[in-house]
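Everything on this sheet refers to the single structure shown next.
So you know, we letter chains A, B, ... as the sequences are listed, proteins then strands, and number each from 1. These numbers were taken from a predicted model, which means no experiment stands behind them.
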Amino acid sequence: MSLDVAMQSAPTEANPRKVFLGLRLALVAVVGVILFVAELSIGAAAIPVLDVFQALTTGEASSQVWINIIWEFRLPRALNAAVSGAALGAAGIMLQALFRNPLADPYILGIVHGARLGAAILVVATGLAGNAFLLRFGLIGDAGLAVASVVGGLVVLFILSALSSRISIVTLLLVGLMLGYFSIGLMNALMHFVDESHAKAFKAWDDASFAGATWQQLKILVPGILAGLAAIAFLAKPLNAMLLGDRYAASMGIPVGCIKLAVLAATGWFCGMVTAFCGPVAFLGLVAAHIARGLVGASDHRVLLPAAALLGSTVGLAADLVTHLPLEHHIFHLNAVIGLVGAPVALFVLLRSRALRSWEGS
Amino acid sequence: MIAAARNGFGIVCLASILLACSQLDPEPKPSHPAVYVDQPLARNLERACVANHRPGVDYFPQKVEFRHSSQLSVTYHGHFKRVKFRPSVSAEEPVEFLFVQCGTPVPDHGAGTIVVSVPVSRIVTGTRAMLGAADDLDLVDRFVGISDPRAVTVPSFIDRVEQGRISMMSGYAHGNIEPLMALDPDVYFTFHSAYPQFNMHPRLWALGVRAVPFGDSLETTPLGRAEWLKVLAMLTNTEGRADIVFDRIEREYHSIAKLVPSDADAPRVMAGVASQRDVIELFGGGNHRARLLEDAGGRFILDDNGFPGSWLIAPFEKVYVAGADAPFWIGTRPGIQSVEALIAANSHHRWFERAIADGHVYAQDQGYKGMFAFNLQDQGLNNPHVQLAELVAVLHPNLRSKLRSNSTLSFMRKLQ
């Protein structure tokens, strides 16, 4: 990371530019709100917008089935997409900063697969799976799934972190990929120890989607991720300093080791929480991070982190909306939609972005 | 030293794995005796070839026709039968088969036509749908391989499996090509899916295997599905028996269907199970299973969906809107004993409140031995009348006294 790029992000930036940036972020937020409303209004069941509004405000609608669809399926799903997307966007930015690697992403680096493996081990250990597990043990089951996923993700993260100072960026990516594949292999092998119906239930859990989250799960997920997002605000300044190198950051009095540990813990927390309740969501962190870089046009983490969270949230809502469009004879998968729509957008932004050139120089 | 020990350990491991593997040792292929046919035949040659082919002779005096199938047709031509199969889903050009009497010449045919010499004596199947029909037609001894013999529910087939007369053919996509080629059967039955990526018959044809895709699950009526037993009969020249068996099925089916008053208040019927996080797996509204419900005086919740396939993945919301107040739920996940366990398997199940509250939740898994291993899988094709009688008894209890069944077979089970 060259010094001039870091200087772009200095707080002495001209006001018109800040205003323009603020407007862009506000526009993204407005798009996010529109998508959230669309999530509640559009789906396989055709529910008039007025009924959606009534169901949300008064708890009444023309049909009890519609009320259930809005309150028990669409609203939890939209909240899940918004919050989990934000978490993955923030995780993507932090991983890129930590590993100084534009391709760093929770899915590519195998962290998501580590989280899946953690959940799989818990499933096999209890002899149950997916929703069966959650229903059997209620809140404890939900929390257990989250903890297992967080621990699984953290294990992969710590291995990567331990290796990151000794190997090149490309090798680190390969190590992440290999750890991911190893986790997938181990997970498949573990499924041989549970019966067919439990393996099927695990497979259902393992299919990435924002749908199916219960209010009980959201009681863990939403506060957990919001608390995490609030906590990483304290990491923005140290991350800015670390862009200029660990020695420079240390000379400024930044406890580099502690900050790295905190970034690792926060990333593991986000990835684990999201994977526990949404399955292995792919590339959303990468896509959101790169769109955020293109939008912000600088490397100031005080702006980048909230921007990536906002973008992640918006991309998550958009992808989920496409997944649930009322199309006959076709069911989209979340990861397919993110890959199909998000990857070209991120590529376009990458190719135009000055931020990309800053990576090349680092 | 360490390297040598490591290599030795590797060799021992490899040898152990190889020793643990069992390879197929196929029995020698039996051949039908050749007989001279000098006079017009009264019956088809069920276990014989022709020694003196003469043009113009009708070698198939016993014939079948398809009255209900939406996919099959047949024409007889003296020494061969031309069968056409046009799948009701993703239909392109129909698949054409020539079933040629052994000992007679193969007629001119197109490059894509599959030629099978009949009567066949060695059958391997990658789908178990026709096993009950094979038992009805007394053809069990012609089967030498089944996709998963452990899953078989037909007693005569279970006996044959226990005698070691049936090889296991399990593997990817309803069959394993390598042991299949080793067994070299006269014909191989493969499952025909509405989704082309699951179909293995094009690959098998390319390898020279005489594969016949069974598209019974894509039929639009239960009797149309039952007519697939005639395919088995045509391959074994047992059309005479097939006519008797099918006529009985047809007669009994119609007599039960007539009991249901046409003005009956048809209760709506939910079917299928939740899958993944927000979809329901069920059958299409144009499938034979939907028609069975209709003939039993019920109404499938997605009857406006004309898809004839047996596997439809529908958004949860759509099925929920249609099925939330359906008083019956027939065809839940096999092997699950209670409603509580059904909900534990996927919490979405709890939203079909009416059927659960009324206590009308049924699985069609009598004889359950494991995933895809229960009576309906093997014996549903040739017993639509038994299925119909059970459904009528459930949907219209007032008609139970009029239902007379001499079948000990059953398919449905009420969840606790």
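Looking only at distances, no side-chain donor or acceptor of B/E317 sits under 3.5 Å from a matching main-chain atom of A/G43. When atom types are taken as modelled, the side chain of B/R277 and the backbone of A/D207 share a donor-acceptor pair closer than 3.5 angstrom.
Contact annotation for B/A314: only backbone heavy atoms (N, CA, C, O) come within less than 4.5 Å of a heavy atom of chain A. Contact annotation for B/V321: both backbone and side-chain heavy atoms come within less than 4.5 Å of a heavy atom of chain A.
In this pair, B/F316 and A/F73 present their aromatic rings tilted. The plane angle is within the 30 to 60° band.
Residues from residues 51-62 of chain A never place a non-hydrogen atom less than 4.5 Å from a non-hydrogen atom of chain B.
In terms of non-hydrogen atom pairs under 4.5 Å with chain B, the most contact-rich of A/T214, A/I47, A/N68 is A/N68.
The number of heavy atoms from other shown groups lying within 6.0 Å of CD (B/E340) does not exceed 12.
Atom CZ in A/R77 sits 7.0 Å away from atom CG in B/D278 (nearest 0.5 Å).
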